[in-house]
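Report on the following structure.
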Amino acid sequence: MTTRSPLRIEPTTPPDESPPMRPSDPLPALPPPKPDPATVPDPVISARSLCVWYGSSMALKNVDIDIPRHKITALIGPSGCGKSTLLRCFNRMNDLIPGARMEGTIKFEGIELADPSIDAVALRRRVGMVFQKPNPFPKSIYQNVAWGARINGYKGDMDELVEKSLRRAALWEEVRGKLHKSGLDLSGGQQQRLCIARTLAVEPEIILMDEPCSALDPIATAKVEDLMDELKEDYTIVIVTHNMQQARRTSDMTACLMLDEAAVQGGHRTGVIAEFSPTEKLFTNPSDPRTEAYITGRIG
Amino acid sequence: MNLPVPSGSVERPRWPAPSRFRRYQGPVMLSLLAICALVTVLTTIGIVAVLGLETIHFFRESHVSLPAFVFGTEVDPPKFGIFPLIWGTVMVAAGASLIALPIGLLSALYLSEYAPRRVRAVLKPALELLAGIPTIVYGFLALVLVTPLLKACFEPLGLKVDSYNALSACVVVGVMIIPMVSSLSEDVLSAVPRSLREAAYGLGATKFEVSTRIVLPAGLSGVAASFILAISRAVGETMAVVLAAGRMPNVTANPLRSVETMTAYIVAITGGDASYGTPKYLSLFAVGMTLFVMTLGLNILSGLILRRFREVYN
């Protein structure tokens with residue numbers, strides 16, 4: 001039995017008595033549909049009852065989330081609650097971790113991402129990713145941007161694509177004279193924008209950002225945030241952040257993840273979505289007490 | 001907030017003054033470590049000095065000119081033309097590298113990028129075990145296994161295979177140096193940060209593209225270093241080569257013939273062929289010097305190539 005909201009009264013099974021999940025257990029029944037304030041029309045990604053396992057430990061339990069198109073969705077929550085794990089489901093990056101697997105359904109434009117047989121390589125071209133630490137390739141600035149396009153068989157004018165991507169990432173003016181210098185010679189903030197440019201060059205539909213500003217200073221952070229605001233006209237952005245102000249400043253929708261109390265009792269760290277609402281509502285009038293406790297700094 | 005004072009701390013101080021050992025640790029360790037480092041430097045200087053002096057001595061005693069020494073084709077005194085020895089050495093080293101470098105590099109890529117963790121845990125030590133086999137064992141394997149196999153393969157085609165031949169030396173030396181390439185290369189490829197791989201996968205790269213176009217270039221300097229070490233080892237390899245390739249100084253492109261390498265020549269001379277102080281005896285220093293110059297040249301060359309191609313990540 002799964003309790004989606006502690007406000008719901010469960011007379012038979014109190015949440016702290018439900019046993020920890022095992023991979024062999026059958027999936028728990030879908031929770032009854034709750035009146036969700038966050039109705040998302042035409043979501044680009046839609047997950048239902050998504051569970052993620054690392055070996056025998058459950059990292060995410062029964063996640064329901066709809067990622068709105070051409071909006072910024074923020075994932076917030078305390079450390080270890082599965083924000084990055086959820087993000088990495090969207091482009092099957094968890095495949096790189098031995099023993100990781102998904103259950104439930106997660107649909108991206110009609111593709112079932114939980115199906116192990118889908119082409120993750122083709123998916124990742126359409127769902128790009130920017131990482132926590134800027135990780136440009138040890139190649140020239142030009143090669144950094146061109147690399148992804150080249151391996152994906154881009155047929156157009158490469159110089160044009162590189163310039164367009166760097167302009168879009170608000171980096172062109174700073175690097176135009178030194179395209180053949182190493183990407184590692186740039187400052188941290190420039191490197192992160194180079195990584196964004198590299199992602200834009202393969203023309204994805206979604207950009208996943210895993211704490212993209214946590215290694216940057218406030219000025220570089222502001223630049224990346226401005227950039228996100230511009231990019232959402234053409235792209236759907238999902239951002240994991242530890243910085244609640246950042247989530248509030250930048251995002252349209254916010255999902256607050258929490259550790260599942262029942263799992264914690266059993267010695268496991270399993271994340272659940274405590275609340276998924278429009279950002280303004282989540283921060284001003286949270287409907288879940290755990291969210292409220294987290295955003296006011298009482299937990300986390 | 002005031003921390004409670006631990007009981008008893010007034011009578012018996014909990015933090016005694018640093019012992020004499022801890023106080024003098026720094027300078028003692030510094031000199032100890034410096035001495036150890038100095039040993040290798042002094043050894044190198046010593047070797048170069050001895051080789052250099054005796055080489056000069058050799059040229060003075062034998063009245064052989066440097067070009068005649070390097071390019072002459074008659075090894076025996078008084079000519080001392082060691083070109084056949086250089087030829088044999090290069091041939092064996094090149095053949096061994098042709099076998100070891102691709103196999104070693106591909107197995108390193110397999111181990112670091114493709115192999116499941118459990119396979120790797122078994123395979124890597126197994127490969128390294130190859131490096132622990134005494135080289136003379138490889139030598140008689142060449143004699144009793146590789147050469148008969150080569151004979152069985154080539155003689156039906158009408159090609160004569162000498163009992164001692166260069167190809168069998170290439171094969172055993174090649175196998176011998178595979179673990180050097182694979183083990184060292186695997187270490188550097190595994191050390192390429194995960195974040196670079198994730199970045200590439202995130203752009204829609206396949207495993208092959210990530211391995212060959214991101215990981216390999218990033219680890220190139222280490223891979224090249226392993227190549228150089230392996231080639232130097234092949235150049236300097238002695239016992240296996242003496243047993244496999246024999247002692248016939250030949251300048252031939254046919255790997256089925258016997259050749260003599262510089263190391264085999266040195267073994268023969270130190271084995272009592274020449275009496276002390278004669279030009280023949282001194283020639284071993286000149287040959288040793290030539291070997292040293294060859295491997296030094298390889299190292300310098302690789303440094304130049306690396307500076308041009310490697311990708312530095314931090």
Side-chain angles (χ1 to χ4, degrees), chain A residues 84 87-88 90-99 119-140 143-154 182-185 191-192 194-204 206-210 215, chain B residues 108-124 185-226 303 305-314:
Chain A
S84 292
L87 193 74
R88 293 161 70 99
F90 299 154
N91 68 345
R92 288 280 297 263
M93 211 60 164
N94 287 330
D95 288 10
L96 303 182
I97 299 165
D119 184 357
V121 168
L123 170 73
R124 293 190 194 119
R125 213 264 313 139
R126 299 177 64 186
V127 185
M129 192 163 203
V130 177
F131 298 85
Q132 181 171 2
K133 201 175 142 248
N135 55 354
F137 298 127
K139 300 179 190 289
S140 70
Q143 288 299 331
N144 259 283
V145 181
W147 195 84
R150 190 167 290 145
I151 56 157
N152 282 292
Y154 179 69
S182 168
L184 292 164
D185 291 345
Q191 287 188 13
Q192 195 62 301
L194 177 62
C195 293
I196 294 173
R198 172 176 76 182
T199 306
L200 298 178
V202 297
E203 299 181 341
I206 303 178
I207 302 173
L208 308 175
M209 296 183 158
D210 192 352
Chain B
L109 269 177
Y110 170 73
L111 286 174
S112 85
E113 304 301 310
Y114 285 83
R117 237 179 308 171
R118 252 176 293 168
V119 174
R120 183 179 143 175
V122 176
L123 214 57
K124 201 179 176 206
S185 297
E186 200 269 338
D187 287 343
V188 290
L189 295 181
S190 299
V192 171
R194 228 176 86 120
S195 64
L196 284 185
R197 293 188 177 84
E198 291 198 328
Y201 281 119
L203 289 167
T206 61
K207 187 166 256 200
F208 183 73
E209 286 157 350
V210 174
S211 312
T212 56
R213 296 168 74 167
I214 296 296
V215 178
L216 189 57
L220 195 65
S221 57
V223 170
S226 81
I305 294 172
L306 273 185
R307 208 176 307 162
R308 173 82 182 70
F309 288 110
R310 79 165 154 180
E311 294 180 344
V312 184
Y313 62 85
N314 45 9

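Just so it is clear, the structure is predicted and the values come from calculations on it, not from any experiment. Residue numbers begin at 1 in each chain, while the letters A, B, ... track the order of the sequences.
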Requested in this report: Answer with side chain, backbone, both or neither: which region of B/P116 has an atom nearer than 4.5 Å to a non-hydrogen atom of chain A?
Outcome: neither

Report summary line: Honestly, the part of A/P136 sitting under 4.5 Å from a heavy atom of chain B is backbone

Query - Choice from A/V202, A/L123, A/N152, A/V127 maximising heavy atom contacts with chain B below 4.5 Å - result: A/N152

Query - Neighbour count above 12 (heavy atom, 6.0 Å) for B/F208 CZ - result: no

Report summary line: Comparing A/P138, A/P98, A/A201 against chain B, the one with the most heavy-atom pairs below 4.5 Å turns out to be A/P138

Query - Side chain, backbone, both or neither of A/V130 within contact of chain B (heavy atoms, under 4.5 Å) - result: neither

**Report entry** Candidate list A/R124, A/M129, A/R92, test side chain to side chain contact (heavy atoms under 4.5 Å, CB included), partner B/Y201, passing option
**Finding:** A/R124

Query - Nearest-0.5 Å distance that lies between atom CD in B/E198 and atom CG in A/N91 - result: 9.5 Å

Requested in this report: Could you have a look at B/S195, B/A200, B/A218, B/A199 and say which one has the most heavy-atom pairs with chain A under 4.5 angstrom?
Outcome: B/A199

Query raised in the report: So which part of A/V121 gets closer than 4.5 Å to some heavy atom of chain B, the side chain, the backbone, both or neither?
Result: both

Report summary line: To the nearest 0.5 Å, atom CD of A/Q143 lies from atom CZ of B/R213 at 9.5 Å

Report task. Check whether A/F131 gets within reach of chain B through its side chain, its backbone, both or neither, counting any heavy atom under 4.5 Å. Result -> side chain

Report summary line: Separation between NZ (B/K207) and CG (A/L96), nearest 0.5 Å, reads 8.0 Å

